[in-house]
Number of protein chains: 2
Amino acid sequence: LISAENLSKVYKTGEVEINALKDISFEIEPASFISFVGPSGSGKTTLLNLIGSLDKPTSGFLQVAGANISTLDRKQSARFRGDNIGFIFQDFNLIPVLTTYENIEYPLLMVQEVPSDQRKKKVGELMEAVGITEQSDKYPDQLSGGQKQRVAVARALVSNPKLVLADEPTANLDHATAYMVIDLMKRMKDEFGTTFIFSTHDQKIVGEVEILHTLEDGRLISTEMNKEA
Amino acid sequence: LISAENLSKVYKTGEVEINALKDISFEIEPASFISFVGPSGSGKTTLLNLIGSLDKPTSGFLQVAGANISTLDRKQSARFRGDNIGFIFQDFNLIPVLTTYENIEYPLLMVQEVPSDQRKKKVGELMEAVGITEQSDKYPDQLSGGQKQRVAVARALVSNPKLVLADEPTANLDHATAYMVIDLMKRMKDEFGTTFIFSTHDQKIVGEVEILHTLEDGRLISTEMNKEA
Ligand SMILES: Nc1ncnc2c1ncn2[C@@H]1O[C@H](COP(=O)(O)OP(=O)(O)OP(=O)(O)O)[C@@H](O)[C@H]1O
Ligand SMILES: Nc1ncnc2c1ncn2[C@@H]1O[C@H](COP(=O)(O)OP(=O)(O)OP(=O)(O)O)[C@@H](O)[C@H]1O
Ligand SMILES: [Mg+2]
Ligand SMILES: [Mg+2]
């Protein structure tokens, strides 16, 4: 599903150049449960943003679901994301003027034109699965940190995307709630063949993935298979 | 240092009332390392906001560093916070138009009028202690999640406050970086007698505190002493 070769990303701030990713190469199969781990600042979010076509590589090759990411213009990029990607942002990125329900429903309205009764059913199921049904009519500034995180999770999953990019999806969750989220994702992988790519510091997620890629200072320094997952 | 009796907080959203905190009572001694834990939505952030006088109780009594929180007006509240509190916000709350250095320096300029060479030394020491010296001239939108979190930590500690309220201070940090932050806080407690109150889901912090208060659905349901801490 994903193929990266000598992928690099350089951020320029004035005179200073930051080599956020250096020569990264890897392949990811469909229907996998994969995680990138590594120290704060090692490049995990940067890599997820490239895979999700939210940003362009500086050099190297990146193919995701058949698309060559470097060649997509803004319009093609938005179309590609709408058709293929569910993104759980590290800072949630909820729309402040929409309620919980409306935030989760958004991809179904904007991107996929799903009929009203189907939307209601799908949004309801996801709110239930992550335990936020009671927050349905609230706005983001009325939610706890972990509630906002779960709205972000539900929104990323509602359109049943081929590929879910989950950046620290359990950082603000207690043990039990984190496992509600992880179990939901495992069910989606089993039922729909969804591919999940995590960036995380959470050992609970690390324990569940099949393949663990470790980043350090922008480099991919190791890849491990988890035999028990 | 802190005394709470029958503390309650009700949020009103239109017709709906949410009882975020229900009849909470506890005492906290100076120079302690305390944490509140509990499920997402159980009231931890709400409680920290009351203790830090960022919000008012609905009913009950709350005294912090000699001040009766319910009786402070806006001006007294701001003065109280400036004199006593360092707050690490769950969503960081950095000022977007200030660099890392300027964000950390801010309390020393705005609140305490510390001379320039002393500010430079203090800000430098804290950036070093949490590993973000290289991010000194960057703006928040150029930082990784864990780097933003560490700027928030450094800013809360820079004025050597009597009381630090730390809401999920390690949620976005890897193991090693989280311990840099925890060790810095332990040093401050030993050296200056700083009181630290955490709200967290992180077992690494839980393992280090002397007293653990558990919240559930707005109630304080248990208090445990950690003999090994
Ligand atoms: N401004 C508000 N208006 C209405 N309800 C609110 C408001 N702020 C918080 N709440 C609700 O109060 C409850 C407690 O919220 P709080 O943020 O204190 O939880 P928390 O324990 O910090 O959770 P988390 O671990 O997810 O950060 C939640 O159910 C939340 O939805
Ligand atoms: N827009 C930008 N401009 C300049 N530097 C940036 C920008 N975005 C990220 N960086 C830098 O690139 C490096 C990698 O950032 P990234 O967000 O990918 O790290 P991360 O592994 O996700 O970290 P964390 O675990 O803290 O979330 C960091 O040093 C960061 O400061
Ligand atoms: Mg990140
Ligand atoms: Mg909270």
Side-chain angles (χ1 to χ4, degrees), chain A residues 11-16 18 20 37-46 48-49 89-92 94 99 130-132 134-150 167-168 170-178 180-181 199-204 206 214-217, chain B residues 11-16 18 20 37-46 48-49 89-92 94 99 130-132 134-150 167-168 170-178 180-181 199-204 206 214-217:
Chain A
Y11 292 112
K12 275 214 187 73
T13 45
E15 297 267 328
V16 183
I18 291 135
V37 293
S40 170
S42 55
K44 304 179 296 297
T45 293
T46 301
L48 256 59
N49 287 346
F89 294 93
Q90 190 167 5
D91 63 359
F92 318 146
L94 301 182
T99 62
V130 300
I132 52 171
E134 285 179 34
Q135 317 307 327
S136 182
D137 299 333
K138 282 176 154 180
Y139 290 91
D141 64 358
Q142 296 168 324
L143 299 178
S144 79
Q147 289 167 344
K148 284 183 222 165
Q149 186 145 48
R150 286 177 277 162
D167 202 345
E168 300 281 2
T170 56
N172 286 278
L173 302 179
D174 56 281
H175 195 89
T177 313
M180 281 176 79
V181 168
S199 145
T200 191
H201 300 297
D202 189 349
Q203 282 305 312
K204 298 192 280 300
V206 168
T214 303
L215 291 177
E216 194 176 283
D217 199 30
Chain B
Y11 292 112
K12 276 213 186 69
T13 45
E15 298 267 330
V16 185
I18 291 133
V37 292
S40 169
S42 55
K44 305 179 295 298
T45 294
T46 300
L48 256 58
N49 287 346
F89 294 91
Q90 190 166 5
D91 61 1
F92 319 146
L94 302 181
T99 62
V130 299
I132 53 172
E134 285 178 34
Q135 317 305 328
S136 181
D137 299 332
K138 284 176 154 183
Y139 291 90
D141 65 357
Q142 297 170 324
L143 299 178
S144 79
Q147 288 166 344
K148 283 184 224 166
Q149 187 145 47
R150 285 177 279 163
D167 202 344
E168 300 280 3
T170 56
N172 286 277
L173 302 179
D174 55 282
H175 196 87
T177 313
M180 280 175 81
V181 167
S199 144
T200 190
H201 299 297
D202 188 349
Q203 282 304 312
K204 299 193 278 302
V206 169
T214 303
L215 290 179
E216 194 177 283
D217 199 29

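Fair warning: this is a prediction, and the values are worked out from it, not measured in the lab. Chain identifiers are assigned alphabetically (A, B, ...) following the order of the sequence lines, protein sequences preceding nucleic acid strands; residue numbering begins at 1 within each chain.
To the nearest 0.5 Å, the span separating CD on B:Gln135 from CD1 on A:Ile18 amounts to 7.0 Å. With rounding to the nearest 0.5 Å, the separation of NZ in A:Lys44 from CG in B:Asp174 is 6.5 Å.
Among A:Ala176, A:Gly41, A:Gly43, the residue making the largest number of heavy-atom pairs under 4.5 Å with chain B is A:Gly41.
What you find for A:Asn172 and B:Ala171 is that their closest heavy atoms are OD1-CB, 4.4 Å.
Heavy atoms of B:Gln147 lying under 4.5 Å from chain A belong to its backbone as well as its side chain.
Looking at B:Lys148, B:Gln149, B:Arg150 one by one, the single match for side chain to side chain contact (heavy atoms under 4.5 Å, CB included) with A:Ser40 turns out to be B:Arg150.
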